[in-house]
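Throughout, protein chains are lettered first and strands after them, A, B, ... in sequence-line order, and every chain is numbered starting at 1. Computed over heavy atoms, backbone and side chain alike; hydrogens, waters and symmetry mates excluded.
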Number of protein chains: 2
Amino acid sequence: MSEKPPAPSAGLRRDMEILEVLAGHGDDRDADGFGVSWIAQRLDREKSQVSRALRALELEGMVERDALTRRYRLGWRLFALAARTQHARLVNVAAPFLRGLALAFDEDAYLCVLRGTHVVTLVSVPSSRAYHRVWEGVSVPVTMAAAGRSLLVDWQEEHVRQLLGAALPSGLDSAVSSAEKWLADLAHVRSEGYVVSDVELDDSVAGVSSPVRDHRGLIVAAINVSVTRAAAPERLREMGTRLAGVARDMSAALGLRPGMDRVGGVGRPD
Amino acid sequence: MSEKPPAPSAGLRRDMEILEVLAGHGDDRDADGFGVSWIAQRLDREKSQVSRALRALELEGMVERDALTRRYRLGWRLFALAARTQHARLVNVAAPFLRGLALAFDEDAYLCVLRGTHVVTLVSVPSSRAYHRVWEGVSVPVTMAAAGRSLLVDWQEEHVRQLLGAALPSGLDSAVSSAEKWLADLAHVRSEGYVVSDVELDDSVAGVSSPVRDHRGLIVAAINVSVTRAAAPERLREMGTRLAGVARDMSAALGLRPGMDRVGGVGRPD
DNA sequence: TGTTTTGTTGCGATAGTCGCATCTAAATTT
DNA sequence: AAATTTAGATGCGACTATCGCAACAAAACA
């Protein structure tokens with residue numbers, strides 16, 4: 001809208017854009033990286049700018065350059081930093097539980113966290129049955145994931161409505177009914193410890209989800225398993241209770257003592 | 001040396017320093033992050049600078065701020081980017097093999113890669129026996145790790161000597177003998193597929209290491225297991241051959257076809 | 001409530017970056 | 001192998017975002 005809004009931290013933004021391009025959409029076979037010109041064109045920036053930025057990023061280890069093809073890809077430093085993330089601990093703790101679930105049901109198992117209004121998948125453990133899509137780092141709106149239900153359980157109804165109001169197309173009957181459905185799902189998590197939702201990204205797949213709490217009793221993640229939409233109700237119930245049990249165990253592994261959960265009235269932190 | 005050498009990409013450097021501080025030494029209980037002033041003091045920079053930089057980084061998701069304590073920590077974006085790294089694939093492929101090893105020997109199992117003159121540990125799978133130190137993302141000089149031997153197997157002797165000359169204190173007898181020991185270790189990897197080294201960081205522990213190759217036959221990583229130094233020779237030999245076998249399997253999982261390995265004369269890529 | 005510490009913001013001077021053109025080095029073609 | 005094309009690096013002036021000081025606001029502390 002504006003002619004030239006002064007851009008603070010333009011350098012960082014540029015660098016992040018570059019990293020994002022290098023990250024690719026993932027499922028491509030862009031494994032051997034990208035060249036300077038290609039990136040420059042994709043970002044609609046000067047080659048020189050990209051060239052210099054990439055050199056700086058390489059110096060910091062954020063990207064690395066293939067010695068032969070001279071193409072750039074994401075660097076080891078990202079890995080090292082990510083390993084120090086809060087999330088890393090979560091992943092380490094979660095991994096065995098997720099594997100157990102994947103084995104028990106032979107379905108994909110996921111660990112998700114809430115980030116703003118989106119659900120980010122931190123790890124996914126594949127089942128044996130089908131090709132496994134890489135979900136790590138992928139972020140979807142809360143409304144679109146079963147995990148969203150688990151992650152918002154502690155929110156006050158009012159805040160949930162606000163969020164849904166912003167996320168769902170307003171004024172539609174479907175939106176209203178969706179909101180009611182949502183609140184019902186939350187109640188189900190509270191009473192049963194899990195929720196089944198068919199509002200997943202992939203059409204043929206529904207999700208079962210259960211919240212995980214840390215030592216303070218705050219919800220820090222959700223564990224989920226996918227399930228074919230046609231699954232029998234009793235199977236869903238069985239999976240749900242089992243999942244809730246695993247979530248409880250994982251919470252304990254994070255230091256939650258029994259009775260500390262269900263911290264009431266924890267509002268939206270933003 | 002110079003009065004004021006113009007600093008290109010000063011912003012990036014600052015950001016990286018901040019991220020590095022937030023990464024902490026890891027094993028501390030700095031889990032709840034750091035405040036602006038603390039970081040500024042630690043980096044000997046202006047508070048204002050750090051404050052603004054952190055806000056920008058937060059906007060990009062590289063750091064996040066605890067809503068209550070107002071302290072910063074590393075953000076989810078790092079996780080998302082790291083998941084798209086070359087290394088991430090490696091880790092995914094390696095995980096089951098490492099678990100197998102950790103289970104079979106009840107020793108810690110590691111996956112390492114070469115980065116410049118250092119060995120970076122990407123994953124470590126703990127044994128059941130002792131407290132497990134967090135190694136992920138930790139980098140040590142090639143000379144200090146058993147994995148170093150595996151990772152340099154394809155280098156020409158001349159290049160290895162160069163590296164050792166730079167890394168080891170020069171002119172000492174010990175250095176010369178170390179170099180010879182090194183080359184002998186490399187030969188051992190070539191003939192037996194593994195190497196045992198007692199020049200580990202931790203004094204009480206030695207390491208067994210074996211190289212992993214990708215579809216092109218290039219060495220991309222090393223898998224290792226720790227072992228108490230007092231282990232019997234036949235146990236070491238058994239572990240070594242087993243490790244070499246697992247390394248071969250993992251290489252195959254990365255697309256290496258039999259006969260493609262041992263690409264001769266692959267020099268130092270820098 | 002008063003005081004100290006921690007974090008944010010306004011503003012001029014400084015210094016790094018942008019983008020164009022130029023130049024070098026690979027990759028391709030003939 | 002020489003010529004052509006494409007990819008990537010670099011020098012340089014104009015521009016503009018950042019630095020750092022200091023004042024301000026907001027927590028935390030007492």
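- Distance CD1 (A:I18) to P (D:dG8): 13 Å, rounded to an integer number of Å.
- What separates CG of B:L12 from P of D:dA17 is a distance of 18 Å, to the nearest Å.
- Residues A:A10 and A:T69 both approach DNA chain C. Their nearest nucleotides, taken by heavy-atom distance, put A:A10 toward the 5′ side.
- Relative to the axis of its first five pairs, the axis of the last five pairs of the helix from C:dT1-D:dA30 to C:dT30-D:dA1 sits at 60°, rounded to 10 degrees.
- With B:R161 as reference, B:E157 is the one residue of B:H159, B:E157, B:E158 to meet the side chain to side chain donor-acceptor pair (under 3.5 Å) rule.
- Listed for the A:R71 side chain is no donor-acceptor partner under 3.5 Å among the backbone atoms of A:A67.
- Counting non-hydrogen atoms of other residues, nucleotides and ligands closer than 6.0 Å to CZ of B:R89 gives a total of 12 or fewer.
- At whole-Å resolution of the value, CG in B:D66 and C1' in D:dA27 are 15 Å apart.
- Using a 4.0 Å cut-off between a side-chain N of Lys or Arg and a carboxylate O of Asp or Glu, A:E64 and A:R77 do not qualify as a salt bridge.
- Annotation: side chain of A:L256 is not in contact with side chain of A:D214 (no heavy-atom distance under 4.5 Å).
- Mapped onto DNA chain D by nearest heavy atom, B:R70 and A:K47 fall at different nucleotides, with A:K47 at the one closer to the 5' end.
- Minimum atom distance to the side chain of A:S37 is reached by D:dG8, of the listed C:dG7, C:dC20, D:dG8.
- Side chain of A:R190 to main chain of A:V153: a donor-acceptor pair is present (N/O by atom type, distance under 3.5 Å, no hydrogens or angles).
- Comparing A:W38 and A:G11 by the nucleotide of DNA chain D that holds the closest heavy atom to each, the one mapping nearer the 5' end is A:W38.
- In this model, the phosphate group of D:dG20 is not approached by any side-chain N or O of B:R45 to a distance below 4.0 Å at OP1 or OP2.
- As rounded to whole Å, 13 Å separates atom C1' of D:dG20 from atom CG of B:D44.
- In this structure, B:F79 and A:L122 have side chains that are in contact, with non-hydrogen atoms separated by less than 4.5 Å.
- Using a 4.0 Å heavy-atom distance criterion, A:R13 is classed as making no nucleic acid contact.
- In this structure, B:R213 and B:D154 have side chains that are in contact, with non-hydrogen atoms separated by less than 4.5 Å.
- Put simply, CZ on B:R65 is 14 Å from P on C:dT6, counting in whole angstrom units.
- Closest to the side chain of B:S9, out of C:dG16, C:dT17, C:dT8, is C:dT17.
- The shortest distance between the side-chain N/O atoms of A:R71 and the OP1/OP2 oxygens of C:dA27 is not below 4.0 Å.
- You'll find the side chain of B:W38 reaches within 4.5 Å of the side chain of B:V21, heavy atoms only.
- Atom CD of B:E46 and atom P of C:dT9 are 16 Å apart (whole Å).
- Only A:S48, A:S51, A:R52, A:R55, listed by number, bring a heavy atom of residues 48-59 of chain A to less than 4.0 angstrom from any atom of DNA chain D.
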